Amino acid sequence: MKSLHNAQFVLAQQTDSDAIFTLLQQEFALYETDHTRLKRHYLDSFDWRMYRRNYVCTWHETASKRTKSRDGIFFIHDKKTGSSICELPLNSVPRFSKDVNHQTYRKLLDDVLGIRALMTVAVLTVKRKQLLILNEEHKTLVLLQVEHYAIQKPSDSKQPAGRLIVCPVRGYEKVFKRVMQLITGQLKLPRVHETLLDEVLAITGQAPDSGKSAVNCGLKRSFNTWEAERILLQQLFGVMQINEPGLREAIDTEFLHDYRVAVRRVRSMLGQIKHVLPDNLLTYFKREFSWLGSVTTPTRDLDMYLLKFDGYVQSLPKELQQHLEKFRLFLQRHWKIEHARLCRVLDSKRYRKLAGEWQKLLTNVDMPLLEEPSQQGQAQEIVNAAKPASIVARQRIWKLYKRILKEGGSITPQSHDEDLHELRKSCKKFRYLIEFFQAYYSGKSIKKLLKTLKQLQDNLGDFQDLCVQIGQLNGFAEQMQQEGLADTRTIMAMGVLVEKLNERKMALRAEFGRRFESFTQPENKAAFVEALQVQQLEGVTE
């Protein structure tokens, strides 16, 4: 038999609940069991990962008049059916999957959230009256809940409509169906057609958006280079702005990560799409965004060490694992120092000036085109600004592809680590530009080829990360000794960790040749040439 799910009806008026009680009491033994007032915190990640996987995640703080107790309960419901997946006592709102001590539910959250934190997206005050339909033996046949809601800090005076929730009990399906007939036939209460969360989000003006940190280009083929660049830079600035509050509050590490990616992409755009801005502006913004990248690096580096720390511990022999704990404390201490320093940077006059000047530039639609250059050299500075973006971008992307083939092809087993780092940077610039200007290419073929590129980038990125970690770990060990925070066993454990990372680094270095060979095999090269639609383009200045 097909299982029955809870049924929900809209209560347009307060009197509807009295009418329900009167109607059902005529046919059933109806008992009012409890009045509860609770606060329901709707939780999701910044990019709505739970919602997009059809989960509704809540934490309830309840207060019962009868028991005068306060308890916290964590719930996960199936968004489509409303059925409960998780119901777990928790004294506080969980932030990360690790805060849930039930192994199955923790794994579910970990699979969905990864390293993102749960945030409160809305808070409802819920007044609930619970009714039971019982038989002669006082067994529950159907459970009914009447709920009325008030949004905390709503955008206006509008509030969600109340709801009647009818919950079936296994073995008493006929009674459930009879109750449903009475409610729909005589009371004519309308069925609920959207989740309460969706209603709340509509009232509060929130849209579950997975692409908050993405650049949705929307470029037209008719755009000149400045028009296209301005739109892209505006979107990147938007990503920076939307992530800055979470970065400051340290909600999770992805806020700083996404902020830094946006900064890197701005720097890539300014450095790769040439002769669009006057030299004085270009020099200023390239310098300032480089500064912004450098001042955010220490906090991000410490984020990465702390994220990888459990893996570091597991890589060591068991007898050494506990001796790495002082290193964790060192990292946590210095993270607090660096994060506070970063927040001071974001409050500084220099940063405010950069943000203001950048906003001013991006709101001036025709800024570089309205310049009146008095000399030929000044005209050359912005010679590409009015030219078609598709031509300028294609030319640069093709040159970057040729650079990757040349740099990668010259790397041998004897090459310095820095050579692989330079190739990694070229690959990153190449991918950024393709993603920026993918509207000018065949979408399917480009996406397929970017997957091939990503395999090479993953190898190069992991290799570079290990190069940095090995060097910094040695420096950390010395610093811990100077600060009196490490004993001999801690230094020994860190030394073994460096050896393990070196082994991994060498394995990645050996793997590079295979990855690059796969990237440059004839069919992939032919596909890149075809997808990029390479032509001899004239009138574009590099």
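Only a predicted model underlies this, so the values are computations on that prediction, with no experimental measurement involved. All values below were derived from every heavy atom in this structure, side-chain atoms included, with hydrogens, water molecules and symmetry-related copies excluded.
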Would you say the ring centroid of H257 lies under 6.0 angstrom from that of Y259? no
Check R333 with E338, please: is the shortest side-chain N to carboxylate O separation under 4.0 Å? no
With side-chain contact (heavy atoms from CB on, under 4.5 Å) as the test, would you mind laying out the steps for F21 and E32 before giving the verdict? CA-CA 9 Å; F21 192 92; E32 188 173 319; 4.3 Å; yes
Side chains of Q8 and R163: any donor to acceptor distance under 3.5 Å? yes
What do you reckon, are the aromatic ring centroids of H60 and F75 less than 6.0 Å apart? yes
Verify side-chain contact (heavy atoms from CB on, under 4.5 Å) between V126 and L38, making sure each step is shown before the conclusion. CA-CA 5 Å; V126 182; L38 62 88; 3.7 Å; yes
May I ask you to check whether Q314 and Y312 show a side-chain donor-acceptor distance below 3.5 Å? no
Any luck finding a side-chain donor-acceptor pair between R431 and Q457 under 3.5 Å? yes
Decide if the gap between the ring center of W358 and the ring center of F289 is smaller than 6.0 angstrom. yes
The criterion is salt bridge (charged side-chain N to carboxylate O under 4.0 Å, His left out); which residues satisfy it with R260, sequence neighbours excluded? none
Residues forming a salt bridge (charged side-chain N to carboxylate O under 4.0 Å, His left out) with K454, sequence neighbours excluded: D458
Anything under 30° is parallel, anything over 60° is perpendicular, the rest tilted; go ahead and classify Y305 against F327. perpendicular
Could you tell me if K79 sits above the aromatic ring of Y51, with its cationic atom closer than 6.0 Å to the ring centre and no more than 45 degrees from the axis? yes
So which of W335, F309, F476 actually passes ring pair (Phe, Tyr, Trp, His ring centres under 6.0 Å) with F330? F476
Kindly give the heavy-atom pair with the smallest separation between I133 and F28, and that separation in Å. CG2-CB, 3.7 Å
